Amino acid sequence: MNMKNFSFLIICFLFFGFSPSSDKSVTNNSNGFYVSVVDFTNNSSRKFIFENKDSVNFVFNKYFRGELDLGEIDYPISIFNGKRDFYVARVNVYLKSNGKMSFKHLKYPNVYDKTTKKDKRSGINPVYF
């Protein structure tokens with residue numbers, strides 16, 4: 001065994017020895033929700049990251065005062081009623097190395113209807129309330 005191969009083996013062992021374990025990275029990830037609210041009545045904008053749906057419903061009822069029931073969130077939802085723009089999406093929540101929470105958006109499959117004729121956008125248009 002020559003010296004290059006031996007030094008390469010030592011570096012590989014050191015690299016894998018100091019890499020974080022997969023168990024630690026799994027415990028830092030959890031499912032959550034990203035909520036963005038733009039209120040045009042007082043020109044304010046708020047962004048939230050929640051780990052449970054009860055908190056999302058609380059914020060939703062605070063801004064819309066029980067006008068709608070949020071229901072299940074399978075895909076990102078955007079609601080604009082002329083006064084407020086509300087956006088909620090399911091995300092993966094994780095802790096950064098500095099202790100702050102951050103998120104990564106989930107990859108959603110494209111939603112489209114194959115029975116309609118092909119057009120340039122070939123997707124479902126957003127619904128505004």
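Since the structure is predicted, the reported quantities are computational estimates derived from the model, not experimental observations.
- Shown here for S44 and N42, the closest heavy-atom pair between the two residues is OG-OD1, 2.8 Å.
- Annotation: cation-pi pair K53/F33 absent, no NZ/CZ under 6.0 Å from the ring centroid and within 45° of its normal.
- A ring-ring contact (aromatic ring centres under 6.0 Å, His included) with F60 holds for exactly one of F48, Y87, F86; it is F86.
- Residues D39 and K83 come closest through the heavy atom pair OD1-O, 3.5 Å.
- Considering only heavy atoms from C-beta on, R46 comes within 4.5 Å of Y63 through its side chain.
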Start with the C-alpha distance between I79 and D85, add both sets of side-chain angles, then the distance that settles side chain to side chain contact (heavy atoms under 4.5 Å, CB included), and finish with yes or no. CA-CA 6 Å; I79 300 171; D85 186 15; over 6 Å; no
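- At least one side-chain heavy atom of N92 sits under 4.5 Å from a side-chain heavy atom of L106.
- Counting heavy-atom neighbours within 6.0 Å of F40 CZ, excluding the residue itself, gives a total above 12.
- Between S102 atom OG and I49 atom CD1 the span is 6.0 Å, to the nearest 0.5 Å.
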How far apart are the C-alpha atoms of V93 and N31, what are their side-chain angles, what is the distance that settles it, and do they pass the side chain to side chain contact (heavy atoms under 4.5 Å, CB included) test? CA-CA 6 Å; V93 179; N31 291 329; over 6 Å; no
